[in-house]
Amino acid sequence: MIHRIYQVLFDLYGEQHWWPCKTGNRWEIVTGAILTQNCAWRNVEKALENLTSAGMDTPENILHAELETLCKAVRPAGFSNQKSVYLKGIAAFFLEHESEYCQETSESELHNRRKKLLSVKGIGRETADSILLYAFQQPVFVIDAYTRRLAGRHLGIDEALPYDRLQEIFMSALPRDVQVYNEYHALIVQFCKESCLKKGCGEICQRVLGKE
DNA sequence: GACCAGGCACATC
DNA sequence: GATGTGCATGGT
């Protein structure tokens, strides 16, 4: 069923072309992954624009920027006191480790890389997986609030399951394929934004359910 | 004015 | 390991 819903959503919406950063560069994806924590993407875009126009669009520049200046730039994305500190942390990490994260790797080494990312302050499971998948094209499925709701409402899965367990369920039901993981997460977000997972039950939701 | 938005750290049990 | 709370801002 997990794979079937993917097909239905893909037929419905087509390719999503995430990550929706303007330049699509790796560092911008990493930055966006932090900034979007509990925040609408349109506000992230404002913060990203601020960072670019202030010349704080590389890890080097973030690292050397005044915390206060950085904080001000990311304010539209909320939690700016936290996120500005997080950005400095991931900037330092990125400068040291970027090259090793680009390479394809075994399952166990990927697990280690994820673990190392999780040790950076401000990087939780969802953010780490977003970075691995969207910035480094590693085969990791991202679980977010939308995925939980989809799982709960349409797949008969307990949406309160721990993150890693849910991830395991999705990954074991899908081919180990970066493009599939990438598109599926984006499609779920698109679906949830337009469908009954928000309020009421819209036409799109009906159509999808009808095909199940 | 309430509620939500592509979470996370930390304390506590 | 599970649960609760604080963290900030902008749009609807």
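In this text the structure is predicted, and so the values were computed from the model without any measurement. Lettering of chains follows the sequences in order, A, B, ..., and the numbering in each one begins at 1.
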Quickly work out the A:Gln37 CD to B:dC10 P distance and round it to whole Å. 13 Å
Whole angstrom value for the distance that separates P of C:dA2 from CG of A:Asp158: 11 Å
Just how far, in rounded Å, is P of B:dG7 from CG of A:Leu35? 13 Å
By nearest atom, which of the nucleotides C:dG10, B:dA5, B:dC8 is closest to the A:Tyr146 side chain? B:dA5
Distance between the C1' atoms of C:dG10 and B:dG1, in whole angstroms? 14 Å
Does a side-chain N or O of A:Asn81 approach OP1 or OP2 of C:dA8 to a distance below 4.0 Å, or not? yes
Give the rounded distance in Å between these two atoms: CZ of A:Arg125 and C1' of B:dG6. 17 Å
Go nucleotide by nucleotide along DNA chain B from the 5' end; which of A:Ala145 and A:Lys121 gets its closest nucleotide reached first? A:Ala145
Taking only side-chain N and O atoms of A:Lys83, does any of them lie within less than 4.0 angstrom of OP1 or OP2 on B:dG7? no
If I take atom CG in residue A:Leu161 and atom C1' in nucleotide C:dT3, what distance separates them, rounded to the nearest angstrom? 16 Å
Is the phosphate of B:dG6 approached by A:Arg149 (side-chain N or O, under 4.0 Å from OP1 or OP2)? no
d(CD, A:Gln190; P, B:dA5) in whole Å: 14 Å
If I compare all heavy atoms of A:Leu35 with all of A:Ala77, which pair ends up nearest, and what's the gap? O-CB, 3.8 Å
Please check if the distance between the ring centroids of A:Phe191 and A:Tyr184 is under 6.0 Å. no
Flag, side chain of A:Gln138 to backbone of A:Tyr101, donor-acceptor distance under 3.5 Å: yes
Closest-nucleotide 5' rank along DNA chain B - winner of A:Arg42 and A:Gly124: A:Arg42
By a 5.5 angstrom centroid cut-off and a 30 degree plane limit, is there stacking between A:Trp41 and B:dG6? yes
Out of C:dG11, B:dA9, B:dG7, which nucleotide sits closest to the side chain of A:Gln82? B:dG7
Give the nucleotide from the list C:dG11, C:dA2, C:dC7 with an atom nearest to the side chain of A:Asn43. C:dG11
Using a 4.0 Å heavy-atom cut-off, does A:Ile34 contact any base of the nucleic acid, only the sugar-phosphate backbone, or nothing at all? nothing
Please check if the side chain of A:Tyr134 supplies one atom and the backbone of A:Asn182 the other of a donor-acceptor pair under 3.5 Å. yes
Give the nucleotide from the list C:dG11, B:dG6, B:dA9 with an atom nearest to the side chain of A:Lys193. B:dG6
When all nucleic acid strands are considered with a 4.0 Å heavy-atom cut-off, which category describes A:Val74: base, sugar-phosphate, or nothing? nothing
According to a strict under-4.0 Å criterion, is A:Thr36 in side-chain N/O contact with OP1 or OP2 of B:dG7? no
Whole angstrom value for the distance that separates P of B:dC4 from CG of A:Asn38: 11 Å
Can you confirm whether A:His111 is buried at NE2, in the sense that more than 12 heavy atoms of other residues, nucleotides or ligands lie under 6.0 Å from that atom? no
If I take atom OH in residue A:Tyr163 and atom P in nucleotide B:dG6, what distance separates them, rounded to the nearest angstrom? 15 Å
Nearest heavy-atom contact between A:Gln137 and A:Val178 is O-CG2, 3.2 Å
Between B:dA9, B:dG7, C:dG11, which nucleotide has the shortest distance from any of its atoms to the side chain of A:Glu126? B:dG7
With rounding to whole Å, what would you report as the distance between B:dA5 and C:dT3 at their C1' atoms? 22 Å
Atom P, compared across B:dG6 and C:dT5: separation rounded to whole Å: 24 Å
Flag as yes if A:Trp18 stacks onto the base of B:dG6 (centroids under 5.5 Å, planes under 30°), otherwise no. yes
